[in-house]
Amino acid sequence: QVQLVESGGGLVQPGGSLRLSCAASGIIFSIDAMAWYRQAPGQERELVAHIDNKDNINYADSVKGRFTISRDNAKKTGYLQMNMLKPEDTAVYYCNAVLVSVSFGVRRSYWGQGTQVTVSS
């Protein structure tokens with residue numbers, strides 16, 4: 001019943017921008033922590049950005065200065081703002097979040113379905 005729904009992927013030219021959204025659906029209390037991963041063809045899934053429940057943020061070196069992870073607790077939605085996109089950013093992007101459910105107050109990790117980001121001229 002509780003799930004993460006991703007949106008915002010698509011085709012963009014090098015140097016362009018996209019904003020990915022990761023919305024928690026269902027009845028939850030809060031987003032405890034969130035991360036964005038990506039997986040390019042022939043590559044292992046890598047961690048792109050992470051934000052914890054105290055808003056500590058970490059980025060992969062490859063995206064520092066270009067990507068911004070954020071969270072809107074009122075909307076129960078996380079975001080990944082991607083600027084100055086490069087062809088090597090092309091990948092399927094997955095969000096992962098620890099959600100706190102209303103029932104039991106338990107913390108569980110959920111994955112989004114993935115969204116394709118293609119950077120090409």
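These numbers come from a predicted model, not from an experiment.
- Minimum interatomic distance between Ser121 and Pro14 (heavy atoms only, all atoms of both residues): N-CD, 3.6 Å.
- Paired with Leu11 under the rule side chain to side chain contact (heavy atoms under 4.5 Å, CB included), one option of Thr118, Val117, Thr90 passes, and it is Thr118.
- No salt bridge links Asp89 with Lys86; every basic N to acidic carboxylate O contact stays at or beyond 4.0 Å.
- A search for side-chain contact (heavy atoms from CB on, under 4.5 Å) contacts involving Asn73 returns Arg71, not counting sequence neighbours.
- Other residues, nucleotides and ligands contribute at most 12 non-hydrogen atoms within 6.0 Å of the CZ atom of Arg108.
- Under the 4.5 Å side-chain heavy-atom criterion for Ile, Leu, Val, Met, Phe, Trp and Tyr, Val92 and Val5 are members of distinct hydrophobic clusters.
- Closest heavy-atom contact between Tyr37 and Arg45: CB-CG, 3.7 Å.
- Closest of all the heavy-atom pairs between Asp52 and Ala33 is CA-CB, 3.9 Å.
- Residues Ala49 and Tyr59 share a closest heavy-atom pair of CB-CD2, 3.6 Å.
- Looking at Asn96, its side chain never comes within 3.5 Å of a backbone N or O of Trp36 through a donor-acceptor pair.
- Between atom NZ of residue Lys76 and atom CZ of residue Phe29 there is a gap of 8.0 Å, rounded to the nearest 0.5 Å.
- Checking Gln116, Glu6, Gln39, Arg38 one by one against Tyr93, the side-chain hydrogen bond (donor to acceptor under 3.5 Å, both in side chains) holds for a single residue, Arg38.
- One distance of note links OH of Tyr110 with OG of Ser25; it measures 9.5 Å at 0.5 Å rounding.
- Around CD of Glu44, the count of heavy atoms belonging to other residues, nucleotides or ligands within 6.0 Å does not exceed 12.
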Q: Test side chain to side chain contact (heavy atoms under 4.5 Å, CB included) on Tyr94 and Leu20 and set out the steps.
A: CA-CA 10 Å; Tyr94 300 89; Leu20 306 183; over 6 Å; no
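- Between atom CD1 of residue Ile51 and atom CG of residue Asn56 there is a gap of 8.5 Å, rounded to the nearest 0.5 Å.
- Proximity of Leu4 to Met34: side-chain heavy atoms (C-beta onward) are nowhere separated by under 4.5 Å.
- Residues Ile57 and Val63 are members of one and the same hydrophobic cluster, defined by side-chain heavy-atom contacts under 4.5 angstrom among Ile, Leu, Val, Met, Phe, Trp and Tyr.
- Counting all heavy atoms, side chain and backbone alike, Lys75 lies closest to Thr77 at O-OG1, 3.0 Å.
- Across Leu47 and Ala35, no two heavy atoms sit closer than the pair CD1-CB, 3.8 Å.
- No side-chain donor-acceptor contact under 3.5 Å links Arg107 to the backbone of Val98.
- In this structure a side-chain-to-backbone donor-acceptor pair under 3.5 Å is missing from Gln81 to Arg19.
- Leu99 places a side-chain heavy atom less than 4.5 Å from the side chain of Ile31.
- Atom OG of Ser101 and atom CG of Asp32 lie 11.5 Å apart (nearest 0.5 Å).
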